[in-house]
Amino acid sequence: MDSALTAQLVQARGENQADRYQGYPRRTKLRTYPENPADKTIKLNLAPYHSLAPKLNALQQKSNRISVEVVGQSGLGRDLYLVTLTAPESPAQTRLQEQFRASIEEGRKVPAGLYKAPVWINNNIHGDEWEGTDGALRVIEHLATSDDSETKNLLRRNRIYFNLTANPDGRVAGTRQNNAGFDLNRDFATSSQPENRVMREIVENTQPLMMLDEHGYVENTLIEPTTPPHGQNYDFDLYIKHGLANGLVMEKDVQSLGHPEAAKPEIPFRDYDPGVWDGWAPIYTAQYSMYHGAISYTIEIPQQVNRQAYDTLPATELQRRTKINTDVVESTIKTTIDYVDDHRGDLISNQAEMFRRGKAGEPQREIPDGFVPGFGPEDRYRTEFPRAYVITNDRSAPAAARLVDLLVAHDVRVERAEKPFSLGGKRYPAGSYVVDMHQPKRALANVMLEQGSDISAKVPVMYDISGWSHRLLWGASIDIYKNGPFHFNGKDVVAAAPTGDVGAAPGADLALTLNDAKDANAVNDLLGRGIALRRQDDGTIVVPAADRLAAREVADRYGVRFTTAKPGGTALQRKTIAAAVGPDELQVLRESGFDVRTISTAVLNAGFDWSRIDVLFVSSGLNYTQLTAAAKAGLDEFLKRGGVVTRGATGGKFNVDAKLLQATPVAGWEDANGVVNVVNGTGPIGTGALQHSFVYSPQWFTNLGAGVTVEQRYGSTVIAAGHWRPRDNGTGGQDAAAGQAAVVSGTAAAGARVVLFGTEPMFRNHPKGLYAQVARAIFWTGTR
């Protein structure tokens, strides 16, 4: 980055760290970027990323109704712009608006005539679904510059927020994913990506009454609400009334554009079968935003211009299509703004009622058939909220702290006990965390902390994942207090308390149990310093007493806890991994502190130096049978001394083709996914593992040879939460998987130690409590 850009970035950050009550407009002189002729939007006659800052700078000079703030940076460092359109406000007026917003969150009524109704428009979260940005620019310019009294009065009553491009790196490159390879519209419950953390802050801070997430491409146009299953934690009666009504209004306005390509918009709630376009998981922008009080929509514009179409259609045809798409985006935004303006009072009361129910601990409402046209038994999903959750350090202190920090970042209220207390007949120490479920955003708290449901029998298909659980998969110890008297005095948590500790007496060797990725971080940090660690048979890592100071440093840095070590252990060196893995797995391995070299079939065929590699990790992009003779020879030589960890269908095939362990991989139903019950073995990988794991296109292993250890089996009841049905021919279902080997280990005839995962322990950087299992596999396979 050159000095001029650095100076502009510093200036922008400084201006945007001002008091949030500073009033409007909030003018930021945006740093500008050099023209990039490789920007994929140029061929489409859409706005390249480098054109956005000059455009916004000019509008800020021209109008006092537009404010632009840099709310973060993408993975590659591009600025993320929050554009606000509203009538000018003094700091006192802005402070009053914030007081109103806070009152609504407490479930209190506010004077609808004085509160500026917030609307949030999110654009271009999938980088190669471009036109949301361009349609938003049209609306932004109109609202900022139009002299008609209707527009001026509209902005006196409302604030319209635009995340102009949620994925600028993908926009420039023409990829659905961000630069790290993540689908940002699957990351909200985890918030692993910087772009998602920015969007999370936007929805929390603006608390929109309505929001749109502009996508593409579905023929004719798609406008939510969704099919069932609807998230069981929603106060769905407060959503669907306005959700369907505005959806129908948007449909009519899109039709009025006169484009034959958008003549018959599709509304999944009305037009699709259950599960085809569901609203179950809190991983999508629209569904996540509902937990913050928004009536929200995913919008899919009609004419495909990405992927094969981008490469094969003439530029003139692509530009014709983008014009239609941009018209549709503009229509949905303008219609939604008008709907909010026309129904402000009811929408404000509606949002306050959601938060009031949560704070009062009221049960969800029973919604009768016909509540809105088409609502029936297939739409009825409900849950019973517990009275509280208690998070302790019993299993993993770093996991508990990480979960608490995530909940707080999501605007879930958490308290920390300053004294010991009793709840539900159990005694808890001071320092335990309590999530009192009598709170405004109880639905968001519960969707993260509950187990979830096995909905396999309720719908034939699901759009994406059907199970997740921070309680079961993140490694913290969490108790559920279902109901009864609740007397607890705690202090509100802003950030989790430090957890690091060195509990061994001076002069004693120190032991670290691998229960969390932070434990792996600490081990890799110490190995990187050249400290002579030992690994014991149960996976415990031993630090010599002479290196107590270094142990103290990593305990403070990563929040890990050392205890007194037992004698014994094998010398452990730092592990370098050759990884043929997906982007999510690559991020997890590197975040855990491993030295990772990415490989593929093509990389090995081009020539690869195995001399410094300790472990091969295979889950995608490597096919043993497609290697050249020279590449096979180099890999086979490595397999005489190195370790191997595999995952999924690609990993299972690699194991068979390379003749490593005698274990036949069996594929479950390809669309199966969710949280599964597992039974742990006593081998080096199963020992100490969680009692739940995660699957996505699950595998298991049969016909196990002598010396192959079952580290983990699927439980007799397989799915704890998710969707797993048999295929039409009866194969691949839960019954077939029950009791089967999900993770196995052993030593290949050539000498390699091998671990095969049929589960998904690093899926989308989400099941963080499973990462220690991966670290155990790496340290075990890479140690002789």
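The structure displayed is predicted, hence computed values, not measured ones.
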For this session: List the steps, then state whether salt bridge (Lys or Arg N to Asp or Glu O under 4.0 Å) holds for Glu353 with Arg356.
Result: CA-CA 5 Å; Glu353 173 63 8; Arg356 186 200 66 78; 2.8 Å; yes
Exercise. Ignoring hydrogens and geometry, is there a side-chain-to-backbone donor-acceptor pair from Tyr21 to Ser90 under 3.5 Å?
Worked result: no
Exercise. Just checking, Arg764 and Tyr696: is the charged tip under 6.0 Å from the six-membered ring centre and within 45° of the axis?
Worked result: yes
For this session: Classify the side-chain pair Asn124/His126 by whether it contains a donor and acceptor separated by less than 3.5 Å.
Result: no
Exercise. Just wondering, do Phe421 and Val434 contact through their side chains at under 4.5 Å, heavy atoms?
Worked result: yes
Problem set entry | Trp277 and Tyr463 aromatic centres sub-6.0 Å | yes
For this session: Describe, in one word, how the ring planes of Phe236 and Phe269 are oriented to each other, choosing from parallel (under 30°), tilted (30 to 60°) and perpendicular (over 60°).
Result: tilted
Problem set entry | Min side-chain heavy-atom separation Val390-Tyr433 under 4.5 Å | no
Exercise. For Ile333, does its backbone N or O pair with a side-chain atom of Thr336 as donor and acceptor, under 3.5 Å?
Worked result: no
Problem set entry | side chain to side chain donor-acceptor pair (under 3.5 Å) evaluation trace for Asp253 with Thr335 | CA-CA 7 Å; Asp253 201 71; Thr335 303; 3.2 Å; yes
For this session: Going by the salt bridge (charged side-chain N to carboxylate O under 4.0 Å, His left out) test, name the single residue among Arg395, Lys768, Arg402, Arg561 that passes it with Asp516.
Result: Arg402
Exercise. Side chains of Leu85 and Arg159: does their closest heavy-atom pair fall under 4.5 Å?
Worked result: no
Exercise. Taking NZ, NE, NH1 and NH2 as the nitrogens, is one of them in Lys482 or Glu384 under 4.0 Å from a carboxylate oxygen of the other?
Worked result: no
Exercise. Is there a donor-acceptor contact under 3.5 Å from the side chain of Trp474 to the main chain of His766?
Worked result: yes
Problem set entry | Steps toward side chain to side chain donor-acceptor pair (under 3.5 Å) verdict (Asn185, Thr285) | CA-CA 6 Å; Asn185 202 39; Thr285 322; 2.8 Å; yes
Exercise. Arg186: what forms a salt bridge (charged side-chain N to carboxylate O under 4.0 Å, His left out) with it, not counting sequence neighbours?
Worked result: Asp183, Asp464
For this session: Give, for atom CD of Glu415 and atom CG of Asp492, the distance between the pair rounded to the nearest 0.5 Å.
Result: 5.5 Å
Exercise. Can Arg365 and Glu362 be counted as an ion pair, charged N to O under 4.0 angstrom?
Worked result: yes
Exercise. Can you tell me how far CZ of Arg387 sits from CZ of Phe488, rounded to the nearest 0.5 angstrom?
Worked result: 11.5 Å
Problem set entry | CA sep, side-chain torsions, deciding dist, call: Tyr428, Asp479, side chain to side chain donor-acceptor pair (under 3.5 Å) | CA-CA 10 Å; Tyr428 293 96; Asp479 291 336; 2.7 Å; yes
For this session: Please examine the side chains of Ile337 and Val139, heavy atoms only from C-beta on, and report whether any two atoms are closer than 4.5 Å.
Result: yes
For this session: Kindly write out the residues that satisfy salt bridge (charged side-chain N to carboxylate O under 4.0 Å, His left out) with Arg413, not counting sequence neighbours, or none if the list is empty.
Result: Glu105, Glu106
Exercise. Just one of Val435, Val404, Leu406 clears the side chain to side chain contact (heavy atoms under 4.5 Å, CB included) bar with Val412, so which one?
Worked result: Val435
Problem set entry | Parallel, tilted or perpendicular, as decided by the 30° and 60° cut-offs, for the rings of Phe694 and Phe763 | parallel
Problem set entry | side-chain hydrogen bond (donor to acceptor under 3.5 Å, both in side chains) involving Arg200 - partner list, sequence neighbours excluded | Ser191
